[in-house]
Q: 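Starting off with a structure, shown below.
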There are 2 protein chains.
Amino acid sequence: MADARTARSRAAKGRAAKDPAAQAPTAKGRATRARIVEGAAEVLREQGVAFTTLDDIRSRTGTSKSQLFHYFPAGKDELLLAVAQFEADRVLADQQPHLGQLDTWECWQQWRDLVVERYERQGDHCPLGSLFLQVGRSSPGARAIVTELMRQWQEHIARGIRTLCANGLVSPALDADRTAAALLAGIQGGVTIMMSTGDSTHLKAALDTGIEHLRRTAVA
Amino acid sequence: MADARTARSRAAKGRAAKDPAAQAPTAKGRATRARIVEGAAEVLREQGVAFTTLDDIRSRTGTSKSQLFHYFPAGKDELLLAVAQFEADRVLADQQPHLGQLDTWECWQQWRDLVVERYERQGDHCPLGSLFLQVGRSSPGARAIVTELMRQWQEHIARGIRTLCANGLVSPALDADRTAAALLAGIQGGVTIMMSTGDSTHLKAALDTGIEHLRRTAVA
DNA sequence: TGGAAAATGGACCGGCAAGTCCAGACTGAG
DNA sequence: CTCAGTCTGGACTTGCCGGTCCATTTTCCA
């Protein structure tokens, strides 16, 4: 619902979120700000961006309208962006420690299970995907958040592949980065499809096929 | 922007789009309806669902408010759903004739190029993905459209794999459906990532790795 | 050709949700 | 203690946008 409305006002004021010291000066303020972001994240997961109003967030977090605008002067978009960053940070954190330790086939399998489990539990709302529709590709911040998340995620996977390679488990001829990119795409697509259809078959197929592809190169 | 607003009114009236003979009785009516859907699709692609109002569509299609509600009595959601169906139909059609003729490696390559080209051209708005956020998983129709699209798409790919198999180009031991699901997930994810980051690397990696995976089983 | 059904134009309504504002309560450094 | 800066409450404004309504024109077919 923000949409055009929000776009208008955003253009009108043109203030952007400043990353450095965006936190409030006092401890109480910082706590409130954090409460808002976390509460907003909850609400957004439950209802989806399109159906969430500032009042929903306000009541969930036990804050007042003025607090929302005190901590996020640029309004809803700025808050949404903060939530997006919050969620993006969770994505990789939730995959640890496995994602950082992809050195044996067993680890890969555990990571695979973790990813499936995590997204099956998440249900049918992608906090990051939806954020996009609201803020739009036009936003400088939004794209950066996702791009960085993808970069790190892919880097973790690629590192895992290189570790396998170093351990002699896969062929050195394998292009680790490209394979990691493909696997990441498979995960993304699997999740997307699961969101839409409620079926995790594709996610599992993507992960299993991707890992199998790796395993197969061991022979080569 | 419809969102809560639309949800409210949708609940209030509760009418649904009736598929059979949803077309207007007269030729002129049918033409107008089609013009609306096509025009709406254009606008939605350009601006994204979140930023598109009925007035945008109205002015683009040269129609009046009453026409919109005449052809889509349930309002914006019904129109959005019609556009979704329209776009969904395009997705597979745009991949023909290659998608239906995946019987040689060359065909697969041509199809791969077509998919990459199609989505690179499409730019950064996924008409179907966004439709979801607006109408939501709760909608009976929306999920059905995507589920059916995925089913058909996957079926086409799987059939291609079986053809390769019949031609002795890949191992009969290969699970065609699972492999097709994985490849489809890769495409979806590649497109998603491209939408967000503007980079088609992942899409290409997913397609190439998937096809390479197929090729490799030829040996086994 | 007449009249019923369909199609169209466009003024109007109502409510909702983002954003504003100011008064008052807290906090913390000097 | 005190006072400047921060934080909080909540009433209020604004204008957008989905949806309604009815008058008018066009189409169709008997």
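Letters A, B, ... mirror the listed sequences (proteins, then strands); counts begin at 1.
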Q: What integer distance in Å separates B/L54:CG from D/dC16:C1'?
A: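 Value for this atom pair: 12 Å.
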
Q: Across nucleotides 7-13 of chain C, 5' to 3', mark each nucleotide with B, S or - according to how protein heavy atoms within less than 4.0 Å reach it.
A: SBBB---

Q: Rounding to a whole Å, what distance do you find between A/R58:CZ and C/dT20:C1'?
A: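 Interatomic distance, CZ of A/R58 to C1' of C/dT20: 15 Å.
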
Q: For salt bridge (charged side-chain N to carboxylate O under 4.0 Å, His left out), just list the numbers for A/R162 and A/D177, CA-CA rounded to whole Å, side-chain angles, deciding distance to a tenth of an Å, and then say yes or no.
A: CA-CA 9 Å; A/R162 287 196 203 93; A/D177 290 313; 3.0 Å; yes

Q: Take the protein atom CD1 of B/I36 and the nucleotide atom C1' of C/dA6, then report the distance between them rounded to whole Å.
A: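 After rounding, the gap between these two atoms is 14 Å.
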
Q: Rounded to the nearest angstrom, tell me the gap between atom CG in B/L68 and atom P in D/dG18.
A: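 It is 10 Å, rounded to the nearest whole Å.
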
Q: Test B/T201 against B/D199 for side-chain hydrogen bond (donor to acceptor under 3.5 Å, both in side chains), laying out the working first.
A: CA-CA 6 Å; B/T201 303; B/D199 179 11; 2.6 Å; yes

Q: Can you name the nearest heavy-atom pair linking A/E87 to A/A41, along with the distance?
A: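 So the two residues come closest at OE2-CB, 3.5 Å.
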
Q: Which pair of non-hydrogen atoms, one from A/I187 and one from A/A206, has the smallest distance, and what is that distance?
A: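 It is N-CB, 4.4 Å.
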
Q: Measure from the side-chain heavy atoms of B/F69 and tell me the nearest of C/dG19, C/dA17, D/dG18.
A: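 Taking heavy atoms from C-beta onward, the closest nucleotide is D/dG18.
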
Q: For A/F51 and C/dA18, what is the distance between atoms CZ and P respectively, to the nearest whole Å?
A: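 The distance from CZ of A/F51 to P of C/dA18 comes to 14 Å, rounded to the nearest Å.
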
Q: Looking at B/R151 and B/E148, does any basic side-chain N land under 4.0 Å from a carboxylate oxygen?
A: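 A salt bridge links B/R151 with B/E148.
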
Q: Is the shortest side-chain N to carboxylate O distance from B/E120 to B/K204 below 4.0 Å?
A: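 Yes, this pair counts.
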
Q: Rounded to the nearest angstrom, tell me the gap between atom CG in A/L79 and atom C1' in C/dG19.
A: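 Between C1' of C/dG19 and CG of A/L79: 14 Å.
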
Q: Provide, to the nearest angstrom, the distance between the CG atom belonging to A/D55 and the C1' atom belonging to D/dG9.
A: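 Between C1' of D/dG9 and CG of A/D55: 13 Å.
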
